[in-house]
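These notes are about the structure you will find just below.
All chains are named by letter (A, B, ...) in the order of the sequence lines, taking the proteins before the strands, and each is independently numbered beginning at 1.
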Amino acid sequence: MPELPEVETTRRSIAPHLVGRRITQVTTTRASYFFLTPPRELEQRLTGRRIAQLTRRGKYLLAELDDGSSLLLHLGMTGQLFTASARSVRLLNATRGAALQPEAQDTFAPDLHTHLILDFDDAGERVLFRDVRKFGKVLWIPAGKSDPRLSKLGVDALTASGDVLFERTRGRKINVKTLLLDQGVFAGVGNIYADESLFRAGVRPTRAANKLSKKECDKLCVGLVQVLTRSIETGGSSISDYVRPDGSDGGYQNERKVYAREHEPCSACGTAIKRIVLGARSTHYCPHCQK
DNA sequence: CGTTACACCTGAGGGC
DNA sequence: TGCCCTCAGGTGTAAC
């Protein structure tokens, strides 16, 4: 699901509904591995807290609370953060592409996949965290503490530089695609943007990481930052599950060059895009353009 | 270090 | 219609 651009799009839309508000009620589904902090404790820790800030680290969202503690959220593959407004309802309740039924309802009715609901002390909307596959995560972090999930992260992928990549790839025989997915290198890179940035750089995903030249590392990072930046501008990629918090589709799925385009002609040379599996992940590239 | 497999879940879509 | 299979923007672990 969401990679850096989708998480950032989510952060920007949902921040105004979180920051500055005081939590009055926390509603959850039953305990599961989704809750790294158990529901009961979560309710106790969050109730009465005001959210001071919402930041992003790679694919994680971090809500900083007024007592110095924070709430860490990960959207996993199918996680969605949204408010209960009508537009959210549209794509969350209806099959993609189905006709809009404006009279249907004006708030989202929480279903069995809505694992966390926050209510606040003002007249604004409630905020919901829904996740069909439950690969998402919720963790409360005490004031002054950190969590290995965060401390393991490399620099944010939006600040990726060839210098860092060159240094991090020396001595690594692993294929460069799999290395890009390592959150300890550049936090936030996922399957779509790994493939897209490799295409931009003309680098074949199977290449051994330590065989990349400095110039190739530079090019790859430039491509990566461009792809991520452009995707954020368009609201992310809506390919299978992801929709923006307001219920609308992102726009980047229309600009991707290789991801999920197996057998389609390369936009640059016409060669059929190839799909292989690397590190158990679907990988797409142009056999002609990517050396 | 590296690769592979598997585990955690649910739902959509294809083939028969 | 149902059944069985494969696939999906992620992450973590264990075995070799």
How would you summarise protein contacts on nucleotides 5-11 of chain B per nucleotide, using B for base, S for sugar-phosphate only and - for none, with heavy-atom distances below 4.0 Å? ---BBBS
Can you tell me if A/Arg172 touches the phosphate of B/dG2, counting only side-chain N or O atoms and a distance under 4.0 Å to OP1 or OP2? yes
For A/Lys291, I'd like to know if atom NZ has over 12 heavy atoms of other residues, nucleotides or ligands within 6.0 Å. yes
A/Thr10 side, atom OG1; A/Leu61 side, atom CG - distance, nearest 0.5 Å: 7.0 Å
With heavy atoms under 4.0 Å as the rule, sort A/Lys137 into base, sugar-phosphate or nothing. nothing
Kindly check if the number of other-residue, nucleotide or ligand heavy atoms within 6.0 Å of NZ (A/Lys214) is above 12? yes
Nucleotide C/dT11, atom C1' - distance to CZ of A/Phe34 in whole Å: 14 Å
Whole-Å distance separating the CG atom of A/Asp241 from the P atom of B/dA12: 9 Å
Mind checking who B/dT3 pairs with, Watson-Crick or G-U wobble, both distances under 3.5 Å? C/dA15
Is it the case that the ring center of A/Phe34 lies less than 6.0 angstrom away from the ring center of A/Phe129? yes
Quantified in whole Å, what is the P atom distance between nucleotide C/dC7 and nucleotide B/dA5? 14 Å
Whole-Å distance separating the CG atom of A/Leu278 from the P atom of B/dG2: 15 Å
Quick check on B/dT3: is either OP1 or OP2 less than 4.0 Å from any side-chain nitrogen or oxygen of A/Lys173? no
Using a 4.0 Å heavy-atom cut-off, does A/Arg275 contact any base of the nucleic acid, only the sugar-phosphate backbone, or nothing at all? sugar-phosphate
Mind checking the CZ-CD1 spacing from A/Arg256 to A/Ile239? Nearest 0.5 Å is all I need. 4.5 Å
Considering only atom P, compute the distance from C/dT1 to B/dT10 and round it to an integer number of Å. 23 Å
How long is the line joining CG of A/Asn175 and P of B/dT4, in whole Å? 9 Å
For A/Tyr259, answer base if it contacts any base atom (sugar-phosphate contacts may also be present), sugar-phosphate if it contacts only those atoms, and nothing otherwise; contact means non-hydrogen atoms under 4.0 Å. sugar-phosphate
Expressed as a whole number of angstroms, how long is the span from A/Leu150:CG to C/dG12:P? 10 Å
Using whole Å, report how far CD1 of A/Ile239 lies from P of B/dG13. 15 Å
Rounded distance in Å between the P positions of B/dC6 and C/dT6: 13 Å
Could A/Arg170 and A/Phe166 be counted as a cation-pi pair, given that NZ or CZ must be under 6.0 Å from the ring centre and within 45° of the axis? yes
Residues A/Glu43, A/Arg40: salt bridge by 4.0 Å N-O rule: no
Value in whole Å for how far the C1' atom of C/dA8 lies from CG of A/Leu181: 14 Å
Provide, to the nearest angstrom, the distance between the NZ atom belonging to A/Lys177 and the C1' atom belonging to B/dT4. 16 Å
